Peer 1: 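My questions all concern the structure below.
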Amino acid sequence: RVIRACKESGIATVAVYSELDRDAMHVRLADEAFALGGETAAESYLNTDAILDAIARSGADGVHPGYGFFSENADFARAISEMDGVSWIGPPPEAIVVMGDKISSRHAATAANVDGVPGTDAPITTAAAVYAFAEEHGWPVAIKAAYGGGGRGMKVVHNSESVHEAIESAQREALAYFGRDEIYIERYLTWPRHVEVQVVGDQHGNLVWISTRDCSAQRRHQKLIEEAPAHDLVPGIEDEMGAAAIKAAKAVGYYNAGTVEFIYQDGEF
C-alpha cells in the first residue's frame, strides 16, 4: 500500500526483503529491492545494521516501517532520525517510548485530563494487589501486559480463586511475546465497544482528528473488522472523543498519523 501510494505521487521506492520473501509483492512492486540476508525475522527485518546499510546504499531519503517488526520500536526510529538526509515516517521516538508502555501512557492521558478505564498506575506483582483492586472496583478485572497488545498477555479474572494462575499466565505470556513480564490491572468492561479515533499531526504542533473506527468485531481480543465511521454513537460523543484524542496526542508530542483507542459503553467513553 505504501509503495502504491508512492507510485501515484511519482516517488521512487526501495524495498528490503528476507530470503524467503524474494518473490513477495512488495519486492516486485518497488523500483529497487535489497536483500537483508537470512530467513528469520531476527536475521532480516529486525536486523538494524542490515536495514541501515540498505538505506545508505540506496540513497533513500525516507523510511516507512510498515506494520509489525520495527513499526513501534523507538530505538529504530531514533536510529533513522539521526541519519543525515533521511526522514523517519512515523511518530517521534519519544512518543513511541511513552505510548509503548501502557502504564506510562495511562500517566500521559491522566496528565492531559483524558479519562481512562480505572486501573493501576504501577506494575503489580502480588495477588493481594488484585484483591484490593477488585474490592474497590468489582469483578471482573483484566490483568494485562504493560508492554504489548493484540490481546497477548491479557487475562480476565472473574473471581478471587483464579488470581494466582492468571498472574503467572499473564507474566509468562508477556515475557514470551514482548520480552518483559511487567503487568498491571484494569477494570474489565463486560460488553464494551472498541472505538478508535484517527489523528494526524505535523511537526509544527498542529493536530486534527479525521474519523472514528469501530473495531468491536474481535476474536481473542484481536480485531477482525474495522468499520469507519463508527455507527450509532450518542449524538455529540464523536466530537468529544476527537477532542480527547487530540489532547492525548499533544500530551506526548505526537505527529504523523496515529490512533487513540477508546472503550465505549452505555453512552460513555
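Values below: all heavy atoms of this structure, side chains included; hydrogens, waters and symmetry mates excluded. Residue numbers start at 1 and run along the sequence shown. Treat the numbers as computed from the prediction; the structure is a model and nothing was measured.
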Peer 1: Is the backbone N or O of Val27 less than 3.5 Å from a side-chain atom of Arg22, with the two atoms forming a donor-acceptor pair by type?
Peer 2: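 Checking the backbone N and O of Val27 against the side chain of Arg22, no donor-acceptor pair under 3.5 Å is found.
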Peer 1: Would you mind checking if Arg152 and Glu173 are paired as a salt bridge, meaning a charged N to carboxylate O distance below 4.0 Å?
Peer 2: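 So Glu173 does not pair with Arg152 through a salt bridge.
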Peer 1: Check for a donor-acceptor pair, side chain of Ser104 on one end and backbone N or O of Gly100 on the other, with a separation under 3.5 Å.
Peer 2: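 No; judged by distance alone, with no hydrogens or angles, the pair does not exist.
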Peer 1: Drop me the distance from Glu168's CD to Lys155's NZ, to the nearest 0.5 angstrom.
Peer 2: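 The distance works out to 12.0 Å.
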Peer 1: For the CG atom on Asp31, are there more than 12 heavy atoms of other groups (residues, nucleotides or ligands in this structure) within a distance under 6.0 Å?
Peer 2: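 Yes.
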Peer 1: Rounded to the nearest 0.5 Å, how far does CG of Leu52 lie from CZ of Arg57?
Peer 2: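 Rounded to the nearest 0.5 Å, the CZ-CG separation comes to 12.0 Å.
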Peer 1: Please give me the minimum heavy-atom distance between Val252 and Ala108, naming the atom from each residue.
Peer 2: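 It is CG1-CB, 3.8 Å.
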Peer 1: Taking atom types as modelled, is there a side-chain donor on Glu238 or Thr212 under 3.5 Å from an acceptor on the other?
Peer 2: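 Per modelled atom types, Glu238 and Thr212 side chains form a pair under 3.5 Å.
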Peer 1: A quick test of your reading: do over 12 heavy atoms of other residues, nucleotides or ligands sit less than 6.0 Å from CG of Leu224?
Peer 2: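 Atom CG in Leu224 is packed in, count exceeds 12.
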Peer 1: Ring-plane angle category for Phe76 and Phe70, please: parallel below 30°, perpendicular beyond 60°, tilted otherwise.
Peer 2: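 The arrangement is parallel - the two ring planes meet at less than 30°.
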Peer 1: To the nearest 0.5 Å, tell me how far Thr190 OG1 sits from His158 NE2.
Peer 2: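 With rounding to 0.5 Å, OG1 (Thr190) is 9.5 Å from NE2 (His158).
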Peer 1: I need the Ser105 OG to Glu261 CD distance, nearest 0.5 Å.
Peer 2: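 If I round to the nearest 0.5 Å, the distance is 10.0 Å.
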Peer 1: With a 3.5 Å cut-off and no angle check, do the side chains of Tyr184 and Glu186 form a donor-acceptor pair?
Peer 2: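 Side-chain D/A pair, Tyr184 to Glu186: present.
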Peer 1: Check whether more than 12 heavy atoms from other residues, nucleotides or ligands sit under 6.0 Å from atom CD of Glu94, and answer yes or no.
Peer 2: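 Above 12, so yes.
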Peer 1: Please confirm whether the backbone N or O of Asp23 pairs with a side-chain atom of Arg28, one donor and one acceptor, at under 3.5 Å?
Peer 2: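 It does hold such a pair.
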Peer 1: In the structure I gave you, are the side-chain heavy atoms of Val97 and Asp101 within less than 4.5 Å of one another anywhere?
Peer 2: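 Not touching, per the 4.5 Å side-chain cut-off.
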Peer 1: Who pairs with Asp214 by salt bridge (Lys or Arg N to Asp or Glu O under 4.0 Å), at least two apart in sequence or on another chain?
Peer 2: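 Arg193.
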Peer 1: Hey, any chance Trp139 and Ile183 share a hydrophobic cluster, counting ILVMFWY side chains that come within less than 4.5 Å of each other, even indirectly?
Peer 2: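 Yes, because Trp139 and Ile183 connect within a single hydrophobic cluster, where side-chain heavy atoms sit under 4.5 Å apart.
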Peer 1: Give every residue pair that meets the salt bridge (Lys or Arg N to Asp or Glu O under 4.0 Å) criterion with at least one member in residues 63-75, sequence neighbours excluded.
Peer 2: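 Pairs touching residues 63-75 that pass the test: Asp75-Arg78.
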Peer 1: Is Tyr188 close to Val157 at the side-chain level, that is, under 4.5 Å between some pair of heavy atoms?
Peer 2: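 No; the side chains remain at least 4.5 Å from each other.
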Peer 1: So do the side chains of Asn256 and Trp88 get within less than 4.5 Å of each other, counting heavy atoms only?
Peer 2: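 The answer is no, as the side chains (C-beta and beyond) never meet within the 4.5 Å cut-off.
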Peer 1: Hey, what do you get for CD (Glu268) to CG (Leu189), rounding to the nearest 0.5 Å?
Peer 2: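 The distance works out to 10.5 Å.
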Peer 1: Is Asp202 close to Tyr255 at the side-chain level, that is, under 4.5 Å between some pair of heavy atoms?
Peer 2: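 Tyr255 does not reach Asp202 side chain to side chain.
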Peer 1: Enter the distance from Glu32:CD to Ser58:OG here, rounded to the nearest 0.5 Å.
Peer 2: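 Rounded to the nearest 0.5 Å, the CD-OG separation comes out at 6.0 Å.
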Peer 1: Determine whether Leu36 and Asn47 make a side-chain contact, defined as any pair of heavy atoms from C-beta on separated by less than 4.5 Å.
Peer 2: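 Answer no - side chains too far apart.
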Peer 1: Have a look at Phe133 and tell me which of Ile143, Ile185, Ile124 forms a side chain to side chain contact (heavy atoms under 4.5 Å, CB included) with it.
Peer 2: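 Output: one option passes, namely Ile185.
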Peer 1: Judged by modelled atom types alone, do Glu165 and Ser162 share a side-chain donor-acceptor pair under 3.5 Å?
Peer 2: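 Result is no, nothing qualifies.
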Peer 1: Is the shortest heavy-atom distance from the side chain of Ser18 to the side chain of Glu39 under 4.5 Å?
Peer 2: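 Sidechains of Glu39 and Ser18: no contact.
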Peer 1: Is the side chain of Lys144 donor-acceptor paired with the backbone N or O of Lys102 at a distance under 3.5 Å, no angle test?
Peer 2: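 No, the answer is negative, given that no donor and acceptor are paired below the 3.5 Å cut-off.
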